[in-house]
There are 4 protein chains.
Amino acid sequence: MTTKSSKPRRAAKKVPSPVEHRGNRHGRSEEARTAILEAADNLLVERGFAGVTIEGIAAAAGVAKQTIYRWWTSKTDVLMDAFVEDMAQASLPPDSGNLETDLKHHLVGLAKMLAESDTGAVFRALLAEAQHDSELAIRLRTQFIEPQRLRDLFPFQQAVKRGELSPEFDTEAAVEQLLSPIYYRVLVSGQPISPSYVEGLIRRLLLK
Amino acid sequence: MTTKSSKPRRAAKKVPSPVEHRGNRHGRSEEARTAILEAADNLLVERGFAGVTIEGIAAAAGVAKQTIYRWWTSKTDVLMDAFVEDMAQASLPPDSGNLETDLKHHLVGLAKMLAESDTGAVFRALLAEAQHDSELAIRLRTQFIEPQRLRDLFPFQQAVKRGELSPEFDTEAAVEQLLSPIYYRVLVSGQPISPSYVEGLIRRLLLK
Amino acid sequence: MTTKSSKPRRAAKKVPSPVEHRGNRHGRSEEARTAILEAADNLLVERGFAGVTIEGIAAAAGVAKQTIYRWWTSKTDVLMDAFVEDMAQASLPPDSGNLETDLKHHLVGLAKMLAESDTGAVFRALLAEAQHDSELAIRLRTQFIEPQRLRDLFPFQQAVKRGELSPEFDTEAAVEQLLSPIYYRVLVSGQPISPSYVEGLIRRLLLK
Amino acid sequence: MTTKSSKPRRAAKKVPSPVEHRGNRHGRSEEARTAILEAADNLLVERGFAGVTIEGIAAAAGVAKQTIYRWWTSKTDVLMDAFVEDMAQASLPPDSGNLETDLKHHLVGLAKMLAESDTGAVFRALLAEAQHDSELAIRLRTQFIEPQRLRDLFPFQQAVKRGELSPEFDTEAAVEQLLSPIYYRVLVSGQPISPSYVEGLIRRLLLK
DNA sequence: CCCTAACCGAGACGGTACGTCGTGTCTTAGA
DNA sequence: TCTAAGACACGACGTACCGTCTCGGTTAGGG
């Protein structure tokens with residue numbers, strides 16, 4: 001596996017050399033790496049998961065197959081990297097001073113990302129693959145699901161700090177109660193997730 | 001091998017003729033059909049989704065590839081049929097007279113089925129595939145998810161009938177609140193689903 | 001298309017019954033038999049030897065595959081029968097009283113049949129097949145090549161009778177000398193066989 | 001097995017590189033190429049034309065099917081190449097100073113090759129196929145039949161040079177008169193071709 | 001005057017081979 | 001040392017025919 005995943009795409013070069021190069025004794029080609037991740041992303045969105053092949057990525061990226069195999073182990077591995085780079089820009093939920101507002105904003109954005117964006121398509125494909133690839137399942141949990149849960153907790157933590165919620169409030173349970181219906185609708189039932197539906201979820205959690 | 005081979009698989013016959021035959025103008029061979037579905041099931045459990053191939057099913061079932069292609073369009077199609085047959089035996093939740101007891105029994109059984117049984121493995125594989133196969137997604141919703149939701153609703157409906165719950169109780173929302181965490185843990189977070197966790201879910205729904 | 005369709009194909013009935021029927025205890029269906037032979041012929045001409053399949057013949061003849069397998073053993077077997085029926089109408093060379101005239105007429109006709117007619121196409125296909133099917137080779141020699149050689153001999157025998165040739169004339173050698181270049185051009189070199197070329201062959205044989 | 005394996009098959013290299021390699025950007029694997037041609041030859045002789053399949057060749061040569069399809073279009077194409085390599089060793093007829101002797105030697109050898117050798121079996125199979133494959137027919141004429149005719153002409157040309165034959169002698173016609181009965185017997189009538197029969201052919205041509 | 005044997009069409013079946021696609025490994029030449 | 005290029009062995013794909021096997025329908029002839 002590569003370690004590069006934690007850095008934002010293209011921002012931080014791996015190669016010491018400041019000069020552009022195409023892969024030589026100074027290290028790998030950043031150009032190739034970027035082209036591969038972009039090609040993988042695009043192919044997934046354009047042709048679906050089955051349409052992503054190592055050969056296809058190589059051709060689309062103008063890269064030799066071997067270059068892909070040198071750095072990744074499978075197409076899911078490539079997609080995982082692409083997804084991690086996409087998610088690297090994910091920011092903390094807003095902190096407006098009002099829990100309900102913050103939650104709504106955060107959850108609507110998350111739902112939209114999962115259900116509609118290209119990044120969400122990659123996530124769904126990876127989660128699907130993870131159902132029969134336990135190593136990928138672990139990576140996915142470590143690199144996305146757990147960090148995401150931390151982000152999901154943030155508004156509650158701020159509310160506790162502010163005194164808006166009691167310190168005894170079970171934030172873990174609250175997050176699960178809010179989040180799982182969203183994943184359920186995205187992954188299982190396919191039902192749409194409207195802002196008013198999200199409001200309902202929040203109201204049920206907080207007022208009842 | 002799975003244990004299911006010992007169970008009578010033939011619950012839902014597709015062939016009208018009551019006579020056993022080996023495939024002729026009257027229709028397909030029930031023998032071949034059953035062997036294919038069982039082989040598909042077994043291969044999925046033994047070798048995982050990627051290990052299921054049409055050639056493998058054909059070989060394991062002692063059947064010609066063409067016989068599979070004559071009746072199904074893809075390996076997912078075969079698995080879908082196998083899953084539907086497995087689920088055909090699913091029965092309504094119990095009706096003991098006490099909502100909490102019924103729910104607990106039902107949900108614990110469902111969680112166990114989804115997370116641990118062979119049938120659950122097939123379901124997870126199909127749901128995974130459905131993430132990038134919208135036709136399959138529709139079939140899966142029509143043939144499993146919606147009927148399942150009706151079964152999930154049953155204890156609440158009985159409780160309303162009995163007067164244990166007010167007629168205004170939002171059963172749909174309640175089902176979603178109970179079920180989605182279970183699917184979330186099975187599909188996304190991989191956390192275990194203990195009976196006491198299920199109890200907690202029910203308590204939070206009913207008492208709060 | 002074959003020319004035979006206009007001619008009565010049914011010359012040699014296999015069924016004793018004078019009544020038309022569709023196959024029953026009294027024997028096979030003449031209708032089916034004829035349709036099969038015609039379909040085989042047509043397919044050969046239209047789609048080439050590889051385009052002739054038992055399934056294709058059955059479909060084109062509106063007949064069940066089994067009906068073909070009941071009476072023939074292979075597609076070559078069917079074609080052989082079709083060819084034999086086509087050749088059944090072959091008549092003796094003319095006997096005008098002049099050897100050269102008779103030979104020329106006979107050979108030009110034979111060359112045209114072999115190289116250009118549908119029947120010739122069937123013959124070439126069968127001879128090709130006979131190169132790796134010795135049983136067929138024997139049938140072809142017995143049912144066509146030897147009878148044909150007798151017809152080829154006929155003009156010489158008449159010439160000897162008439163006194164135009166001496167009784168010592170080696171008719172066998174003469175036939176081989178005339179015929180083999182024709183087969184060579186048809187089968188091997190693909191060169192055209194013009195009437196003047198045939199005349200040259202005859203002149204070289206008789207005058208030199 | 002054939003006896004040909006003892007002969008050096010590699011007469012006509014297709015790969016410019018003098019270095020042995022196993023297939024890379026410099027071109028194809030000579031090893032694979034040779035194994036395929038030998039396997040094709042052997043299968044033809046052992047199992048007949050119908051017994052030659054691409055899958056069979058690949059298995060016998062220890063090669064992937066795709067490697068065959070990369071370089072050839074069909075099994076006939078492979079056999080054609082195998083035949084061409086076999087024939088590459090064909091040498092000019094002898095030039096002893098006596099036409100009759102040279103002809104007899106040449107024709108007896110040719111007849112034996114066509115009728116009895118493994119190479120002849122390949123030739124007959126190809127000629128058979130060429131009856132319904134005009135592209136193959138052209139290749140066969142260009143690569144074997146015409147060069148062969150030039151070799152057949154050679155003894156006559158030498159005899160003319162020597163003054164043994166008049167310059168007006170029609171060598172083309174003579175070759176056709178000698179060769180076509182040989183092909184006729186090999187391909188059509190199946191009669192044996194004894195040395196004395198060949199002598200008779202020559203005598204009839206030259207003395208009459 | 002039905003019974004029944006022989007033939008028919010239809011078409012499902014277990015197979016074999018087809019020709020194609022993608023995999024992951026390897027080797028080479030060039031920068 | 002990394003890259004592009006691409007040949008290779010492998011394995012699965014989905015298709016086309018093979019030859020075999022019922023099955024139900026029909027049509028006389030013999031009982």
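Naming: A, B, ... by sequence-line order, numbering from 1 per chain.
Interface residues of residues 51-59 of chain A facing DNA chain F, ordered by number: none; criterion, heavy-atom separation under 4.0 Å.
In this structure, the separation between CG on D133(A) and OG1 on T76(A) is 6.0 Å, given to the nearest 0.5 Å. Note that the CD1 atom of I36(C) and the CD atom of E31(C) stand 11.0 Å from one another [nearest 0.5 Å].
Qualifying side-chain hydrogen bond (donor to acceptor under 3.5 Å, both in side chains) partners for E135(C), counting only residues two or more places apart in sequence or in other chains: none. In this structure K65(C) satisfies the side-chain hydrogen bond (donor to acceptor under 3.5 Å, both in side chains) test together with E55(C), sequence neighbours excluded. Judged as a side-chain hydrogen bond (donor to acceptor under 3.5 Å, both in side chains), and not counting sequence neighbours, the contacts of R139(C) are D77(C).
Donor-acceptor pairing under 3.5 Å, judged by distance alone, is absent between the side chain of K65(B) and the base of dG14(E). A donor-acceptor contact under 3.5 angstrom links the side-chain atoms of Q66(A) to the base of dC26(E).
Heavy atoms of W72(B) sit nowhere under 4.0 angstrom from any nucleic acid atom.
Residue I68(C) contributes atom CD1, which lies 15 Å from atom P of dG11(E) at whole-angstrom precision. Spacing between atom CD1 of I36(A) and atom C1' of dA4(F) amounts to 12 Å, rounded to whole angstrom units. Here dC2(F) presents its P atom at 15 Å from CZ of R33(A), a figure rounded to the nearest Å. Rounded to an integer number of Å, the gap from F49(A) CZ to dG22(E) C1' is 14 Å.
Which of dC8(F), dG14(E), dC8(E) sits closest to the side chain of A32(D) comes down to dC8(F). Here the nucleotide nearest the side chain of Y69(A), chosen from dC18(E), dA7(F), dT25(E), is dT25(E). Relative to the side chain of R70(A), the nucleotides dT3(F), dC8(E), dC13(E) differ in distance, and dT3(F) lies closest.
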Per-pair distances, 0.1 Å, donor-acceptor, side chain in residues 125-132 of chain A, under 3.5 Å, sequence neighbours excluded:
| from | atom 1 | to | atom 2 | distance (Å) |
| --- | --- | --- | --- | --- |
| Q131(A) | NE2 | L127(A) | O | 3.4 |
| Q131(A) | NE2 | L187(B) | O | 2.9 |

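Mapped onto DNA chain F by nearest heavy atom, A61(D) and K75(C) fall at different nucleotides, with A61(D) at the one closer to the 5' end. Comparing W71(C) and V63(B) by the nucleotide of DNA chain E whose heavy atom lies nearest to each, the residue mapping closer to the 5' end is W71(C).
In terms of phosphate contacts, T67(D) brings a side-chain nitrogen or oxygen within less than 4.0 Å of OP1 or OP2 of dA9(F).
The list of salt bridge (charged side-chain N to carboxylate O under 4.0 Å, His left out) pairs with a residue in residues 67-76 of chain A, not counting sequence neighbours, is empty.
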